[in-house]
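Throughout, numbering of the chain's residues begins at 1 and tracks the sequence.
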Amino acid sequence: MIRQRFSSIKKDLKSKTSKEGWILPRPESSFADPGAWTNIDCDVTPIERRTWSAWTMFGYWFSDALNAQSWMAPASIIALGLTWREAVVCIIFGSLVCTVPLVLNGMVGAKIHVPYPVAIRASFGWYFSRFAIVTRAITALFWHAIQTYTGSTAMTQIIRAIWPSYLDIPNHIPEGVGITTQGMVSHLIFWSVQFPILLIPPHKLKWFFVAKCVLVLVVSIAMVITMTSKAGGTGEIWTLPYGVEGSDRSWLILSSLSSITGGWATMATNIPDFTRYLKSDKGVYWQVLFLPGIQLVLGLFGIICCSAAKVVYGRYIWDPLEIAAQWDGPAGRCGAFFVGLCWVVAQIGTNLSANVISCANDICCLFPKYVNIKRGVIFATITAAWIMQPWKIIYSAQSLLAFMAGLGIFLAPIAAMLSADFWVVHKQHYDVPGLYRAHGRYRYNKWGTNWRAVVAFIVSVSPTLPGMAASVNPAIGPTIGDANKLYFMFYIWGYISAFAVYSILSHFFPSPETQIDHTIYEDSDIISAAEDKADSDVADEKKAAEVETSAV
């Protein structure tokens, strides 16, 4: 048995030395053109994989929103000179703004059960859709890299809680690299723990999301109780004065609100990748309550613990892992262990829900002949965690982080046109097989590009580019004057402008071949519709003949 197993592995490895050895089996149910390729992860989600419910979506959003970055979300707002009240307002309304595309685009996946890279073809065209797919994939890779590195700092707390001497590991890595030997070990351990979990198929992840929901919520509440107990109250952050006044304060509030919204720009774009697994589309609407509620709870936890840290440690500490790093002694290390475990699970869940699976969907739809979701996950996590070297991104490229946040200006119009095309232009009626065919209904022209989407994209993005450039390089800020103010509301402007321009252009310059009066799920629907029409025509002719005979 063992010999046969090794022989099979050897044969499989040998086959991978040639290009043909990587070709995936082609499903019989594929809608692809003859001679073209797709795979089960690109195809319409089969009924047996539609296992998600509204509760699964609740666990999903806990998995996505409960991470170290959401805990620290109020930090950037308060540090800029606003108070905790403005931070709460920005979190609530910033999240609510984002729920608009989350619901509209989520219904695309819930109704026709296709992933984002396939759905976007209806609005962008066969070839231009690849631009939207690649943009989303690159964003996912960068954020996966950053989230993985954050998870490694949580792993450090777990290990040092058990073996305190772990922090004393000698460093043999040059300072310019941006990481120490101990940090590299933590990164390797975290990635090794995360890797097999990332390989679990998406339709089997619902219990992981639920488990994360319980763990993170319990540990977060315990941390708040611990810190307020140590501080003898919640501290003085509630009485901090305004740091800015007048119109500057108004623009800062708007900018902070847009930043919260832009932080979810990626999920608002590719939410069909997950809602495709829903048993009923009713689960999509609950996102309006799920995301803002979770964001608000975690943000308040962060504010309370940060304020208490000022009393206990003499300074504001927004990072929950840095707070746990201050805890020593048997009881303190025990608490640090559970905090580290909490955020290890949190970061893995966020990588699952927001980054890796999304990027894998993008890659497998770009190269369906060779890549499925599992292979896409392997490519994404190796590239992000090791080739991209996230410790260098965080250590020496703050401007790159600003640029990554600014990628929301590109994702906003993509999300807008996906929404507008499904709800306004095509009135929720798609030819699903046509989405899988290079020369199908949604090719638009010989270039495979919907020019209406191109125009809407340019109108949406162009006015915000100067502001984005100033955020990456503050030195050019004075040269652009008030042009950066539109960037303060980049997501709101980007989404509304692209939605409006695309809808108007599609109304006055329609594409008749893409307009259908009912959703086509199978090729047989086309034949059935034609037969129904023929029967209807015969019935009309018969009825007309009877009326004419009666009149005579």
Query raised in the report: Hey, does Lys427 have a side-chain heavy atom less than 4.5 Å from the side chain of Phe422?
Result: no
Report task. Establish, yes or no, whether a centroid distance under 6.0 Å links the rings of Phe457 and Phe131. Result -> yes
Query - Closest non-hydrogen atom pair, Leu486 against Pro463 - result: CD2-CB, 3.2 Å
Report summary line: Rounded to the nearest 0.5 Å, the OH atom of Tyr502 sits from the OG atom of Ser419 at a distance of 11.0 Å
Requested in this report: Apply the test side chain to side chain contact (heavy atoms under 4.5 Å, CB included) to residues Phe490 and Met468: give CA-CA distance (whole Å), side-chain angles for both, the deciding distance (0.1 Å), then the verdict.
Outcome: CA-CA 9 Å; Phe490 69 88; Met468 178 184 174; over 6 Å; no
Query raised in the report: Under 4.5 Å between any side-chain heavy atoms of Asn351 and Trp143, yes or no?
Result: no
Query raised in the report: Is it the case that more than 12 heavy atoms not belonging to Phe93 sit under 6.0 Å from its CZ atom?
Result: no
Report task. Look at the side chain of Lys279 and the backbone N and O of Ser53, then say whether any donor-acceptor pair between them is shorter than 3.5 Å. Result -> no
**Report entry** Check: Asn105 side chain, Ile271 main-chain N or O, donor-acceptor pair, under 3.5 Å
**Finding:** no
Query - Under 3.5 Å: donor-acceptor pair, side chain of Arg130, backbone of Leu366 - result: no
Query - Any Ile260 side-chain heavy atom under 4.5 Å of Ser95 side chain - result: yes
Report summary line: What one should report as the nearest heavy-atom pair of Ala385 and His187 is O-NE2, 3.0 Å
Query raised in the report: Can a salt bridge be assigned to the pair Arg136 and Asp362 using a cut-off of 4.0 Å between side-chain N and carboxylate O?
Result: no
Query raised in the report: Roughly how far, to the nearest 0.5 Å, is the CE atom of Met417 from the CG atom of Leu505?
Result: 10.5 Å
Requested in this report: Just say parallel, tilted or perpendicular for the rings of Trp391 and Tyr149, cut-offs at 30° and 60°.
Outcome: tilted
Requested in this report: Look at the side chain of Asp431 and the backbone N and O of Ile516, then say whether any donor-acceptor pair between them is shorter than 3.5 Å.
Outcome: no
Report task. Evaluate the side-chain proximity of Leu465 to Tyr487: yes if any heavy-atom separation is below 4.5 Å, no if none is. Result -> no
Query raised in the report: Are a donor atom and an acceptor atom from the side chains of Gln147 and Asn355 found within less than 3.5 Å of each other?
Result: no
**Report entry** Option among Asn270, Thr269, Ile120 that satisfies the side chain to side chain contact (heavy atoms under 4.5 Å, CB included) test with Leu418
**Finding:** Ile120
**Report entry** Close aromatic pair by centroid cut-off 6.0 Å: Trp451 and Phe509
**Finding:** yes
Report task. Would you name the heavy atoms of Ala380 and Leu141 that are closest together and state the gap between them? Result -> O-CD2, 3.7 Å
**Report entry** Heavy atoms of other groups near Tyr370 OH, more than 12 under 6.0 Å
**Finding:** yes
Report task. Using only heavy-atom distances, determine whether the side chains of Thr45 and Arg276 contain a donor-acceptor pair under 3.5 Å. Result -> yes
Query raised in the report: Does one side chain, of Ser192 or Gln194, offer a donor that lies under 3.5 Å from an acceptor on the other?
Result: no
Query raised in the report: Would you say Phe195 and Ile378 make side-chain contact, with heavy atoms under 4.5 Å?
Result: yes
Report task. Decide side chain to side chain contact (heavy atoms under 4.5 Å, CB included) for His144 and Thr381; before the verdict, give the C-alpha distance in whole Å, the side-chain angles of both, and the deciding distance to 0.1 Å. Result -> CA-CA 7 Å; His144 177 42; Thr381 191; 3.2 Å; yes
Query raised in the report: Is there a donor-acceptor contact under 3.5 Å from the side chain of Thr449 to the main chain of Asn445?
Result: no
Query raised in the report: Can you check whether Ser511's main-chain N or O pairs, donor with acceptor, with Thr514's side chain at less than 3.5 Å?
Result: yes
Report summary line: SG of Cys364 to NZ of Lys369, rounded to nearest 0.5 Å, is 16.0 Å
**Report entry** Neighbour count above 12 (heavy atom, 6.0 Å) for Phe367 CZ
**Finding:** no
Report task. Using modelled atom types only, decide if a donor and an acceptor are shared between the side chain of Asn450 and the backbone of Gly125 within a distance under 3.5 Å. Result -> no
Query - side chain to side chain contact (heavy atoms under 4.5 Å, CB included) assessment of Ile197 paired with Ile200 - result: CA-CA 6 Å; Ile197 300 175; Ile200 300 173; 4.3 Å; yes
Report summary line: d(Trp343 CH2, Thr150 OG1) to nearest 0.5 Å is 11.0 Å
Query raised in the report: Does Gln287 use its side chain to pair, donor to acceptor, with the backbone of Val284 at less than 3.5 Å?
Result: yes
Query - Approximate separation, where rounding is to 0.5 Å, of Ser256 OG and Phe488 CZ - result: 9.5 Å
Requested in this report: State, yes or no, whether a side-chain contact exists between Met388 and Thr383 at a heavy-atom distance under 4.5 Å.
Outcome: yes
Query - side chain to side chain donor-acceptor pair (under 3.5 Å) evaluation trace for Thr148 with Trp191 - result: CA-CA 7 Å; Thr148 298; Trp191 184 83; over 6 Å; no
Query raised in the report: Rounded to the nearest 0.5 Å, what separation is found between the SG atom of Cys42 and the CG atom of Asn361?
Result: 7.5 Å
Report task. Over all heavy atoms of both residues, which pair between Arg121 and Cys365 is shortest? Give the atoms and the distance, please. Result -> NH2-O, 3.9 Å
Report task. Could you give me the CA-CA distance, side-chain angles and deciding distance for Ile520 and Arg441, then say whether side chain to side chain contact (heavy atoms under 4.5 Å, CB included) is met? Result -> CA-CA 12 Å; Ile520 299 173; Arg441 194 184 300 273; 3.9 Å; yes
Query raised in the report: For Ala122, what residues pass the side chain to side chain contact (heavy atoms under 4.5 Å, CB included) criterion, not counting sequence neighbours?
Result: Asp421, Tyr430, Leu435, Tyr442
Please set out all donor-acceptor pairs under 3.5 angstrom arising from side-chain atoms of residues 288-298, sequence neighbours excluded.
unit_1, atom_1, unit_2, atom_2, d
Gln295, OE1, Ser70, OG, 3.0

Query raised in the report: Counting only heavy atoms not in Trp447, do more than 12 fall under 6.0 Å of its CH2?
Result: no
Query raised in the report: Between Thr261 (side chain) and Gly94 (backbone), is there a donor-acceptor pair under 3.5 Å?
Result: yes
Requested in this report: Can you sort out the partners of Ser460 under side chain to side chain contact (heavy atoms under 4.5 Å, CB included), two or more places apart, ordered by chain and number?
Outcome: Pro413, Ser497, Ala498
Query raised in the report: Does any N or O in the side chain of Ser358 come within less than 3.5 Å of the main-chain N or O of Ala140, such that one atom is a donor and the other an acceptor?
Result: no
Report summary line: Between Ser258 and Ile492, the two heavy atoms sitting closest are OG-N, 4.5 Å
Query - Distance flag, aromatic centroids of His439 and Trp126, threshold under 6.0 Å - result: no
Report task. Considering non-hydrogen atoms only, spot the tightest contact between Arg50 and Val44 and give its length. Result -> NH2-CG1, 3.8 Å
